[in-house]
Amino acid sequence: MRILFYSRLCCLLLLLNACAAQDHYHSYKPYNDLRLHGELAIGVFSYKTYDDGHVQHPNRILNTSGNPIELDESVAALVRKNTGYELYHSGMEIRQEASLVLTGDVLELKVDDSLPPARWTYIVEYSIARKSDGKVLFSKRCQPQTLDSARRYALPSGYKPSIEQLILEGYEEFFDDPRVRALLER
């Protein structure tokens, strides 16, 4: 009887752990203080960690613990969407007919969650190109400072704010650059 109880308890704990690794990422709110003027189309974003085969799914975050961390949507789609929210909040007009197109390559989104505190790394390369001929006018690799999460492990309640903060810092690093501002305000 005791063995049956403990085996069921173990199964329940494993099930709860698997469910806890799913993110329900619905309520992103833009936080930046930048003010931008102009219009921009948002093009294709990619997730190089997935493209290069380092993770098996496009919505999986590279991590050091044994439990995979997966988002409800692909990492590229999440960064694209949140970048769009930040642009809109900054005052940019988002129009697919705009003469300039923003693209992004998420080169790395990783958490070292093997020891406390969890350490997050995010590298994104944004590019602005002319829509008419595809010529890249400006490109910049942004790597916000490594973020230490106060939580021991990267649980959904802890990684959602960490990801939002990293995307915001990468966005601000790119769009606060005077060369980007000059390009957008032409």
Do L78 and F45 make a side-chain contact, defined as non-hydrogen atoms from C-beta onward lying under 4.5 Å apart? no

Classify the angle between the aromatic ring planes of F174 and F138 as parallel (below 30°), tilted (30 to 60°) or perpendicular (above 60°). tilted

Tell me, do D177 and E173 make a side-chain contact under 4.5 Å, heavy atoms counted? no

Who else is in the cluster with V44 when I, L, V, M, F, W and Y are joined by side-chain contacts under 4.5 Å? none

Indicate the atoms forming the closest heavy-atom contact of T83 with V79, along with that distance. OG1-O, 2.7 Å

Gap separating the CZ atom of R95 from the CG atom of L100, nearest 0.5 angstrom: 12.0 Å

Under the criterion side-chain contact (heavy atoms from CB on, under 4.5 Å), I'd like the reasoning laid out for E125 against K140: C-alpha separation, chi angles, the key distance, then a yes or no. CA-CA 6 Å; E125 185 170 344; K140 182 176 179 179; over 6 Å; no

Enumerate donor-acceptor pairs with a distance under 3.5 Å from any side-chain N or O in residues 46-53 to protein atoms, sequence neighbours excluded.
unit_1 : atom_1 : unit_2 : atom_2 : d
S46    : OG     : D105   : OD1    : 2.5
Y47    : OH     : R60    : O      : 3.0
T49    : OG1    : L107   : O      : 3.3

Can you confirm whether E185 is buried at CD, in the sense that more than 12 heavy atoms of other residues, nucleotides or ligands lie under 6.0 Å from that atom? yes

Is the side chain of Y126 donor-acceptor paired with the backbone N or O of T103 at a distance under 3.5 Å, no angle test? no

From L40 CG over to S90 OG, what is the distance, rounded to the nearest 0.5 angstrom? 11.0 Å

Mind checking whether L137 and V124 sit in one hydrophobic cluster, side chains of I, L, V, M, F, W, Y counted as touching below 4.5 Å? yes

Cluster check I42, V101: I/L/V/M/F/W/Y, side chain < 4.5 angstrom: no

Under 3.5 Å, is there a donor-acceptor pair between the side chain of T64 and the main chain of D113? yes

Measure the shortest side-chain to side-chain distance between E73 and K81 over non-hydrogen atoms and say whether it is less than 4.5 angstrom. yes

Output the distance between atom CD (Q143) and atom CD (E108), rounded to the nearest 0.5 Å. 7.0 Å

Hey, quick one: are L36 and L183 part of the same hydrophobic cluster, counting side-chain heavy atoms closer than 4.5 Å, chains of contacts allowed? yes

Could you tell me if the side chain of L71 sits less than 4.5 Å from the side chain of I163, heavy atoms only? yes

If hydrophobic clusters are built by linking Ile, Leu, Val, Met, Phe, Trp and Tyr wherever their side-chain heavy atoms come under 4.5 Å apart, do L62 and L166 end up in the same one? yes

Step by step, work out the side-chain contact (heavy atoms from CB on, under 4.5 Å) result for D112 and N63. CA-CA 6 Å; D112 178 357; N63 69 324; over 6 Å; no

Please report the interatomic distance OH(Y122) to CG(L168), rounded to the nearest 0.5 Å. 10.0 Å

How far does NE2 of H89 sit from CZ of R35, to the nearest 0.5 angstrom? 5.0 Å

If you measure from the Lys or Arg side-chain nitrogens to the Asp or Glu carboxylate oxygens, is any gap between K135 and D133 under 4.0 Å? no

Is there a side-chain contact (heavy atoms from CB on, under 4.5 Å) between I94 and E39 once you walk through the steps? CA-CA 6 Å; I94 309 298; E39 63 180 30; over 6 Å; no

Quick one: SG on C142 to CG on D176, what's the gap to the nearest 0.5 Å? 10.5 Å

Any side-chain heavy-atom pair of L102 and L87 under 4.5 Å: yes

Restricting to non-hydrogen atoms, name the atom on A129 and the atom on G134 that form the minimum distance, rounded to 0.1 Å. CB-O, 3.9 Å

Donor-acceptor pair, distance only, cut-off 3.5 Å: does the side chain of R80 make one with the backbone of G43? yes

For the pair L34 and R181, evaluate side-chain contact (heavy atoms from CB on, under 4.5 Å) and give the outcome as yes or no after the intermediate values. CA-CA 10 Å; L34 298 176; R181 289 174 169 272; 3.4 Å; yes

